[in-house]
Amino acid sequence: MQLFKENRFWILTSLETIFLGLTFSNPKPYLKPIVGDPSWMGLVDIPLFSFALVLVGVVCLTICLMPLSKFGLSIVTFLLSLVWIFSSIVFIVHDLNMPDFFIAYPHIDATLSTFVAIRITIEAGFGTKYYE
């Protein structure tokens, strides 16, 4: 239980990553194509991408269920930052290409993924202790 208390942030973020991958695993495209979207945005709708997200989440969760070494914390931080910053960029670019973006507001997926990416960055700088 002590280990969960110490690594709770990374464990929960790993679970969020697994569920993000499961969300993208739906055969129906998650992002509706919009004129002006870059071609690389189609990556989120291929099954391999959702599998990679689930795999990253499981790897990070496995590392976090053990005492974190400096190397393990670096791996977890890098992988989760990569996933969530990329997701934020995809959702923000998709929202910016929407015809009525400046009249409407950003969608919830862009907002939440951006806050998760910010939270990871803050936790990486000020948070979790690791074991030597």
Side-chain angles (χ1 to χ4, degrees):
M1 193 57 148
Q2 181 66 22
L3 193 60
F4 180 78
K5 285 168 101 175
E6 292 173 2
N7 297 341
R8 68 188 174 278
F9 172 81
W10 298 111
I11 291 171
L12 293 174
T13 307
S14 299
L15 290 172
E16 289 171 343
T17 305
I18 292 169
F19 286 108
L20 181 69
L22 293 175
T23 300
F24 287 145
S25 69
N26 188 355
K28 189 173 87 172
Y30 186 78
L31 296 175
K32 295 179 180 126
I34 296 176
V35 175
D37 275 350
S39 60
W40 52 266
M41 287 185 54
L43 283 175
V44 299
D45 287 326
I46 61 173
L48 188 59
F49 181 74
S50 62
F51 176 74
L53 288 178
V54 171
L55 184 64
V56 165
V58 169
V59 166
C60 291
L61 183 63
T62 304
I63 292 171
C64 292
L65 291 175
M66 299 178 280
L68 281 177
S69 64
K70 186 174 185 178
F71 179 72
L73 183 59
S74 298
I75 293 294
V76 169
T77 304
F78 173 75
L79 289 175
L80 293 177
S81 296
L82 181 72
V83 164
W84 286 98
I85 290 171
F86 179 75
S87 298
S88 298
I89 290 170
V90 166
F91 293 138
I92 288 170
V93 168
H94 185 70
D95 282 355
L96 287 174
N97 285 330
M98 296 189 100
D100 298 328
F101 174 74
F102 292 105
I103 297 170
Y105 49 86
H107 285 99
I108 191 76
D109 47 12
T111 307
L112 290 179
S113 62
T114 301
F115 280 112
V116 170
I118 291 169
R119 194 177 46 145
I120 290 170
T121 305
I122 291 170
E123 182 70 18
F126 302 110
T128 309
K129 300 176 198 157
Y130 57 87
Y131 300 95
E132 303 260 350

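Positions are given from 1, in the same order as the sequence printed here.
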Test of understanding: with side chain to side chain contact (heavy atoms under 4.5 Å, CB included), list the residues that count as partners of Phe49, not counting sequence neighbours.
Phe24, Val44, Ile46, Leu53, Phe86
Applying side chain to side chain donor-acceptor pair (under 3.5 Å), can you list everything that pairs with Thr17, at least two apart in sequence or on another chain?
Trp84
Leu22 reachable from Leu112 in the ILVMFWY side-chain graph, under 4.5 Å edges:
no
In residues 71-79, what donor-acceptor pairs under 3.5 Å come from side-chain atoms, sequence neighbours left out?
from  : atom 1 : to    : atom 2 : distance (Å)
Ser74 : OG     : Lys70 : O      : 2.9
Thr77 : OG1    : Leu73 : O      : 2.7

Locate the shortest heavy-atom distance separating Asn7 from Met66; write the atom from each residue and the value.
ND2-O, 3.4 Å
Taking side chain to side chain contact (heavy atoms under 4.5 Å, CB included) as the test, write out the residues that go with Ile122, two or more places apart.
Ile118, Phe126
For a quick test of reading the model, state the closest non-hydrogen atom pair linking Ser14 to Cys60 and the distance between them.
OG-CB, 3.2 Å
Working to the nearest 0.5 Å, report the span between CD1 of Ile18 and OG1 of Thr13.
11.0 Å
May I ask whether Ile89 and Leu80 are part of the same hydrophobic cluster, defined by side-chain heavy atoms of I, L, V, M, F, W, Y residues being less than 4.5 angstrom apart, directly or through others?
yes
Rounded to the nearest 0.5 Å, the CG atom of Leu15 sits from the CG atom of Leu61 at a distance of 5.5 Å
With sequence neighbours left out, which residue pairs that include part of residues 12-23 fulfil the salt bridge (charged side-chain N to carboxylate O under 4.0 Å, His left out) condition?
Glu16-Arg119
Nearest heavy-atom neighbours spanning Ile120 and Phe9
CA-CZ, 3.8 Å
Is a side-chain donor or acceptor of Ser88 paired with a backbone partner of Ser113 at a separation under 3.5 angstrom?
yes
For Thr111, side chain to side chain contact (heavy atoms under 4.5 Å, CB included) partners two or more places apart
Pro106, Phe115
In the single-linkage hydrophobic clustering (I, L, V, M, F, W, Y; side-chain heavy atoms under 4.5 Å), do Ile85 and Val59 co-cluster?
yes
